[in-house]
Amino acid sequence: MIRSAERNWQQLKNGDLLLAAEEEAFDLLLTCDQNLEYQQKVTGRRIAVLALSTNNWPLLRTRVEDIVNAIDRAKSGTYRWRNCGAFRRQRRPPARED
């Protein structure tokens, strides 16, 4: 797996990142960007796009097999979204007044 930071792509925005990945002949872009499909044309490309519902590792680790299966089934030109749960920050209890 090659991460965007290893290619100095961390400064690229969505459209440029998709283009760079296609130009480098990547097969798949795995993202947690929930808005990508609304901001970019993600279907009909040379690359498959798989979007996950969260980037929270404790949630993702319970779905690794499902994610790997989705990656294996991904076909170029497609966009798929995978529900892996949603991270919900727990509220802190109110401060006690002494």
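Computed from a predicted structure; not experimentally measured.
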Identify the two heavy atoms, one from Ser53 and one from Trp81, that lie closest to each other, and give their separation to 0.1 Å.
CB-CZ2, 3.5 Å
dist Asn83:CG -> Arg63:CZ (nearest 0.5 Å) comes out at 6.5 Å
Using the rule given for side-chain contact (heavy atoms from CB on, under 4.5 Å), can you reason through Leu17 versus Thr31, listing the C-alpha separation, both sets of side-chain angles and the distance that settles it, and then say yes or no?
CA-CA 11 Å; Leu17 181 59; Thr31 184; over 6 Å; no
Path from Trp57 to Ile71 over hydrophobic side-chain contacts below 4.5 Å:
yes
Is the closest side-chain heavy-atom distance between Cys84 and Thr54 below 4.5 Å?
yes
Closest heavy-atom contact between Ser76 and Arg46?
CB-O, 3.3 Å
Report whether Leu60 and Val64 are members of the same hydrophobic cluster (ILVMFWY, side-chain heavy atoms less than 4.5 Å apart, transitive linking).
yes
As an exercise, state the distance from CD1 of Ile47 to OG1 of Thr78, rounded to the nearest 0.5 Å.
10.0 Å
For the CG atom of Leu30 and the CZ atom of Arg80, what is their distance to the nearest 0.5 Å?
14.5 Å
Rounded distance [0.5 Å steps], CZ in Arg45 versus CG in Leu18
4.5 Å
Should the heavy atoms of other residues, nucleotides or ligands under 6.0 Å from CD of Gln11 be counted, would the total exceed 12?
yes
Atom of Ala51, atom of Tyr79 and distance for their closest heavy-atom approach
CB-OH, 3.3 Å
Side chain proximity check, Asp33 to Gln39, heavy atoms < 4.5 angstrom
yes
Euclidean distance, Leu19 CG relative to Leu12 CG, rounded to 0.5 Å:
9.5 Å
When you look at CG of Asp27, are more than 12 heavy atoms from neighbouring residues, nucleotides or ligands closer to it than 6.0 Å?
no
So, taking the atom named CD in Gln34 and the one named CG in Leu52, what distance separates them when rounded to the nearest 0.5 Å?
8.5 Å
